[in-house]
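Chain letters run A, B, ... following the sequence lines, proteins first and then strands; every chain starts at 1. Below, all heavy atoms of this structure are taken into account, side chains as well, without hydrogens, waters or symmetry copies. As the structure is a prediction and not an experimental result, all values here were calculated from the model.
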Amino acid sequence: MVLFGFFEGSGSPPQRHAAAAHRRRESLTMEERYSPQDIEGRWQQHWQDQGLFRVEAVPGRPKYYLLEMFPYPSGKIHMGHVRNYTIGDVVARYKRMAGFNVLHPMGWDAFGMPAENAAIANNTHPARWTYENIAAMRAQLQRLGFSYDWERELATCRPEYYRWEQWLFIQMYKQGMAYRKESYVNWCETCTTVLANEQVEAGMCWRCGRPVRQKKLAQWFLRITDEAEDLLLHCDRLPGWPEKVLTMQKNWIGRSEGAEIQFAVADAEATITVFTTRPDTLFGATFMCLAPEHPLVAELSAGTDQADAVAAFVERIALQERSARALETYEKEGVFLGRYCINPANGRRMPIFTANFALMEYGTGAVMSVPAHDQRDLDFARKYDLPVVVVVQPEGEALEADALGEAYTGPGKMVNSGAYDGMDNEAVKQAIVADLARKGQARPTVSYRLRDWGISRQRYWGAPIPMIHCPHCGIVPVPEDQLPVVLPEDADLLEGGRSPLGALERFVNTQCPVCGKQARRDTDTMDTFVESSWYFERYCSPRYEQGMFDPAAVAYWMPVDQYIGGVEHAILHLLYSRYFTRVLKRFGLVGYKEPFTRLLTQGMVCKETHRCPAHGFLFPEEIDEAGCCRRCGHPAEVGRVEKMSKSKKNVVDPNLLLDQYGADTTRLFCLFAAPPERDLEWSDQGVEGAYRFLNRVWRLVYAWQGRIRHAAAYDGPLADLDEPLRALFQKTHQTIQRVTHDIENRFHFNTAISAVMELVNQLGSLSAENEAADSQTDAVVRAAVETVVVLLSPMVPHICEELWRTLGQTHSVLEARWPQWRADALVVDTVTVVVQVNGKLRGRFEAPAGTAEEELKRMALADAKVASFVGDKPVRKMIVVPDKLVNIVV
RNA sequence: GCCGGAGUGGCGGAACUGGUAGACGCACGGGACUCAAAAUCCCGCGGGGGCGACUCCGUGUGAGUUCGAUUCUCACCUCCGGCACCA
């Protein structure tokens, strides 16, 4: 595996440059050997010095905005990043060579909890930790040779960035798009802090191990549900998005048509409003369930003999982790409130329960329970022995309430439903709501699974919410001229992870902008998804100081033409970004609704796992030559292929790969091993293969460069060429066509690369020493070799840049124009026609292209092998696909 | 449970709109070069049968449509992903 014993891999680009130059002076043969470490740093430096990746908006010039999801600065890039950014870089470089003005930026999603955790664990500060990580990761990305315009780099934790989302938040507040409401958070009493869902382990705090309870806090919400309908509608107008992602978004929005129906409470003024998608089953509603958090629960049970039982139940549910309520094993249970409500359809007295499966966040928090036609209600009814009434009878069947094993949810005719009996239940859905609406007891509504977006985080490392709480004036936004509300970067983190902002007097204490008296700042910070919902717009004018972005720059660059990232963001990040874009449009800041025209979700990077029965997962170096665990000698089992992760010990460190093989080999393997949307299975031997291929290309160029360095690429008539030059020239143009299609239409770089490999193989059959030393040979080979270098350059830019110069070029290969295939060079004059008999392949023959059908039939029947299968059976029919196939049916 | 996606050699993967299944690469086997090895180059490589020309089978399973199906339809099996008491 050690390929470059003489090379010190960690040297910075300038050092490497000097070392390489030194070696060149020593020995000329060094140049003929492919040594990525000698060339990659040099070209990276060159690209940077020449400012080749810098871009400016040029109105009127066709633009292409290529964006990869920016990373969280965890400290190290991993193979997932390498793959994601390599795919993006190929497209960026390709589009640029194809003549577009390409925006290809990179930055950092720099706020978030890991920084706080790391800060506590390592006794450092989130800001310092973050900025150091950014520096380290930037260096890694630069080593991979990505074509980013680094002058547009941004980090969301910078006040110059988040000041504008604070500004936007205030505008949204003024328009009622941001509002405050009580909501529950996971709360650890011991640590006095909120916990994210992933910090709750089996209902206990991850740090202190004490039970987590649900605490009600006033928090800020954004009215994303106002856009639910539009977000859903436009899912069908995003043809450039994967169907899978759109389906996930649609499901997440979860639109349900139904009605709100009002139930009067017996012996009280109160009314309970339910949401139902099945108003047709109203006559079958036999009891009512309220969410434990429903305000009427305490109110109605007060004074009944059930009051204590209800209170105890509500308290017990509050203690349960919210995610636990979604578990499959979670048993439905409830408590009778001691009160009844009246079914508006038939006057039936329905007992009211509070039940753990009723969710306060959905619909109205109240459910009319129809056990005959809803499985959940049926389970509950059987458990508490509540009446079951069948109101929808399926065709040709007679359901009996007492014998009902499972709820019937299909269509049918109405029964037990008064005036509606005999009607189709679908028709009744509308009719019954219309009838009740006349009495003011119902209205048709639409409900969404999507909830408003809670953005308050009781965390330190985030953008402060720019609001002031004044004892006299209430909640007041920070005046715009006082923005940004800067997060104090020198605050000490408190034990247990509690945000220090609340205790930081100089941050909290302020004056009310309205009355001038003492007031307190909001000490919550914003969800980090807020930052990532508009960073793509900021990239268009990252240093702009008069607003979120320069309208002219955004008008030129946006929307993003191609967005690339992991499928794990298929819902939240992408939905929030789409929502934010709609908000910006409402404010007239942008002229479009959808930020990302095309989306590519790349697959995960996976690798085989190894485990020892005694020691669990093993790193490759923990296994000896015999395939046994080095610690106990037990044979290691080869586990399944899984996503690379530290815990599975199947990670590959990009740095080691760069040291050993260089950026081009790393990139090439990532592109070649699988098409981008599929999972990539890592293979050390595959990497070796990629490296071998680059060596072949290198040797190919050096073998010919003496002859073709000063030759012009052939561009004459095909007819002037004899074999094998003619075939080579045709192959060259076929390859241009295939590679262009594979990149342009599908991003299938694996097949693009294999096409170039075929061309390289064909070139390999000619030998620079033996081939006739005429100018025509040199010209055709020049065209082929040049094509190889140009076509590969978006994928493996360093080696191609080097070889491009070796071929005598003086400008960057990035500035070469993408080659065009010559249609006339693709025309073949002889085709292979296959012959089938009854659909089975029986023979083949060569024929001039464009041979007439009748002639092809004659030729097919003349084939001896074919004749033996046809025999003396009568030919019933012959199907001819011109230039391809003849099928004889006997 | 509901909704998606995918099952092709020893392996990763090709096959564009129904028309030569297995491109390209990896692994493996054989050969050349070498004192030897590495590197490189050449040849072979889905399975069964046959000395052989050949032949039969083969794209998860079973049906169907078709002259012809990896590709379209239906059912089933397996794996992966998303949602999961949403009323």
Side-chain angles (χ1 to χ4, degrees), chain A residues 3 242-252 254-256 258 274-278 281 285 289 291 325-328 330-332 355-359 361-370 373-377 379-380 447-451 567-568 570-571 603-604 608 640-641 669 672-675 677-690 692-693 695-696 699 738 741-742 745-746 748 750-758 760-761 764-765 767 832-844 865 868 876-881 884-890:
Chain A
L3 293 160
E243 201 52 49
K244 176 171 125 173
V245 173
L246 293 173
T247 306
M248 283 162 71
Q249 293 226 338
K250 286 181 200 168
N251 291 343
W252 188 262
R255 183 182 198 274
S256 302
V274 304
F275 172 77
T276 180
T277 54
R278 295 295 306 274
T281 63
C289 287
R325 280 173 78 172
L327 283 179
E328 204 166 345
Y330 195 69
E331 206 191 328
K332 292 168 201 30
N356 59 358
F357 64 81
L359 307 172
E361 303 86 36
Y362 185 75
T364 60
V367 190
M368 69 172 213
S369 294
V370 186
H373 304 292
D374 182 297
Q375 190 56 45
R376 193 186 38 196
D377 295 344
D379 294 345
F380 197 84
S447 199
Y448 299 91
R449 212 191 73 100
L450 180 71
R451 313 283 149 81
V567 73
E568 64 272 20
I571 300 176
M604 299 182 296
E608 207 171 53
R640 37 191 296 170
V641 174
F669 174 74
F672 184 62
E677 67 277 5
R678 260 210 240 182
D679 286 353
L680 181 154
E681 190 182 325
W682 194 265
S683 152
D684 293 333
Q685 284 151 341
V687 176
E688 198 74 45
R692 265 203 297 266
F693 172 67
N695 270 288
R696 290 186 71 195
R699 284 194 306 270
R738 280 176 64 187
H741 280 156
D742 284 348
N745 304 339
R746 319 192 292 166
H748 276 204
N750 57 333
T751 51
I753 291 164
S754 71
V756 179
M757 283 173 167
E758 286 184 41
V760 169
N761 288 346
S765 64
S767 148
T832 304
V833 177
V834 299
V835 188
Q836 296 179 334
V837 179
N838 286 345
K840 291 199 175 188
L841 180 66
R842 295 305 181 191
R844 64 187 67 192
K865 215 181 296 173
S868 74
R876 283 206 299 161
K877 196 172 168 188
M878 285 177 89
I879 289 105
V880 179
V881 181
K884 273 206 163 156
L885 166 147
V886 179
N887 188 10
I888 303 165
V889 188
V890 297

**Q** Can you find a donor-acceptor N/O pair under 3.5 angstrom joining the side chain of Lys877(A) to the base of rC67(B)?
**A** no
**Q** Is the distance from OP1 or OP2 of rA21(B) to the nearest side-chain N or O of Lys840(A) less than 4.0 Å?
**A** no
**Q** What nucleotide among rC24(B), rC83(B), rA15(B) has an atom nearest to a side-chain atom of Arg746(A)?
**A** rA15(B)
**Q** Looking at rG9(B), which nucleotide sits across from it as a Watson-Crick or G-U wobble partner, both distances under 3.5 angstrom, or is there none?
**A** none
**Q** How far, in whole Å, is rG10(B) from rG47(B) if one measures between their P atoms?
**A** 7 Å
**Q** Using a heavy-atom cut-off of 4.0 Å across all strands, would you classify Arg876(A) as base, sugar-phosphate, or nothing?
**A** nothing
**Q** Counting only side-chain N and O atoms of Arg678(A), is one of them less than 4.0 Å from OP1 or OP2 of rG12(B)?
**A** no
**Q** Rounded to whole Å, please give me the gap between CG in Asn695(A) and P in rC26(B).
**A** 12 Å
**Q** Looking only at the side chain of Asn761(A) (C-beta and beyond, no hydrogens), which of the listed nucleotides rA87(B), rG19(B), rG25(B) gets closest?
**A** rG25(B)
**Q** Can you tell me the Watson-Crick or wobble partner of rC86(B), both distances under 3.5 angstrom?
**A** none
**Q** Should rA63(B) form a Watson-Crick or G-U wobble pair with both distances under 3.5 Å, which nucleotide is its partner?
**A** rU73(B)
**Q** Glu608(A) CD to rG12(B) P: how many Å, rounded?
**A** 11 Å
**Q** With both distances under 3.5 Å as the test, what is the Watson-Crick or G-U wobble partner of rG46(B)?
**A** rC57(B)
**Q** Looking only at the side chain of Met757(A) (C-beta and beyond, no hydrogens), which of the listed nucleotides rA21(B), rG25(B), rC83(B) gets closest?
**A** rG25(B)
**Q** Met368(A) or Met604(A): which one's nearest nucleotide on RNA chain B is closer to the 5' end?
**A** Met604(A)
**Q** Mark yes or no for whether Asp679(A), through its side chain, and Met604(A), through its backbone, hold a donor-acceptor pair below 3.5 Å.
**A** yes
**Q** Determine if the base of rG12(B) is syn or anti; take syn to mean the glycosidic torsion is within 90° of 0.
**A** anti
**Q** If you measure from the P atom in rA27(B) to the same atom in rG50(B), how many Å do you get, rounded?
**A** 32 Å
**Q** If the cut-off is 4.0 Å, is Asn251(A) near the phosphate of rC86(B), judged by side-chain N/O to OP1 or OP2?
**A** no
**Q** Out of rG82(B), rG19(B), rA15(B), which nucleotide sits closest to the side chain of Thr751(A)?
**A** rA15(B)
**Q** With ring centroids as reference points, do Phe693(A) and Phe672(A) lie under 6.0 angstrom apart?
**A** no
**Q** Among rC83(B), rC3(B), rA87(B), which is the nearest nucleotide to the side chain of Trp252(A)?
**A** rC83(B)
**Q** Under 4.0 Å between any heavy atoms, over every strand shown, what does Val889(A) touch: base, sugar-phosphate, or nothing? Just pick one.
**A** sugar-phosphate
**Q** Any N or O donor-acceptor pair under 3.5 Å from the base of rC67(B) to the side chain of Asn887(A)?
**A** yes
**Q** With both distances under 3.5 Å as the test, what is the Watson-Crick or G-U wobble partner of rC51(B)?
**A** none
**Q** Is rA23(B) paired to anything, Watson-Crick or G-U wobble with both distances less than 3.5 Å, and if yes, which nucleotide?
**A** none
**Q** Return the nearest nucleotide to the side chain of Arg449(A); candidates are rC86(B), rA14(B), rC24(B).
**A** rC86(B)
**Q** Check every strand shown and say whether Asp679(A) touches a base, only sugar-phosphate, or nothing at a heavy-atom separation below 4.0 Å.
**A** sugar-phosphate
**Q** Does Arg699(A) make a side-chain donor-acceptor contact with the base of rC41(B), cut-off 3.5 Å?
**A** no
**Q** Output the single nucleotide from rC41(B), rG12(B), rC83(B) whose closest atom is nearest the side chain of Glu681(A).
**A** rG12(B)
**Q** Do Gln836(A) and rG19(B) share a donor-acceptor pair, side chain to base, under 3.5 Å?
**A** yes
**Q** Please state whether the phosphate of rC54(B), meaning OP1 or OP2, lies under 4.0 angstrom from any side-chain nitrogen or oxygen of Arg842(A).
**A** no
**Q** Atom OH of Tyr362(A) and atom P of rA87(B): how far apart are they, to the nearest Å?
**A** 4 Å
**Q** Which of these nucleotides, rC24(B), rC16(B), rA87(B), is closest to any side-chain atom of Lys884(A)?
**A** rC16(B)
**Q** Does either side chain, that of Arg696(A) or that of Asn761(A), offer a donor lying less than 3.5 Å from an acceptor on the other one?
**A** yes
**Q** Just to be sure I understand the rule, does Asp377(A) reach a base, reach only the sugar-phosphate, or reach nothing, if contact means heavy atoms closer than 4.0 Å?
**A** nothing
**Q** Determine the contact category for Arg451(A): base if any of its heavy atoms lies under 4.0 Å from a base atom, sugar-phosphate if only primed atoms, P, OP1 or OP2 are that close, otherwise nothing.
**A** base
**Q** Of all the choices, rU20(B), rG82(B), rA87(B), which nucleotide is nearest to the side chain of Thr832(A) once you look at every atom?
**A** rU20(B)
**Q** For Thr247(A) and for Leu680(A), locate the closest nucleotide of RNA chain B by heavy-atom distance; then report the residue assigned to the nucleotide nearer the 5' terminus.
**A** Thr247(A)
**Q** Using a cut-off of less than 4.0 Å, is there contact between a side-chain N or O of Arg692(A) and OP1 or OP2 of rA27(B)?
**A** yes
**Q** Of the listed nucleotides (rC85(B), rG19(B), rG4(B)), which one gets closest to any side-chain atom of Lys244(A)?
**A** rG4(B)
**Q** In whole angstrom, give me the gap between the P atoms of rG13(B) and rG30(B).
**A** 29 Å
**Q** Ser683(A) side chain N/O closer than 4.0 Å to the phosphate oxygens (OP1, OP2) of rC11(B)?
**A** no
**Q** At under 4.0 Å between heavy atoms, what does Lys250(A) touch on the DNA or RNA strands: base, sugar-phosphate, or nothing?
**A** nothing
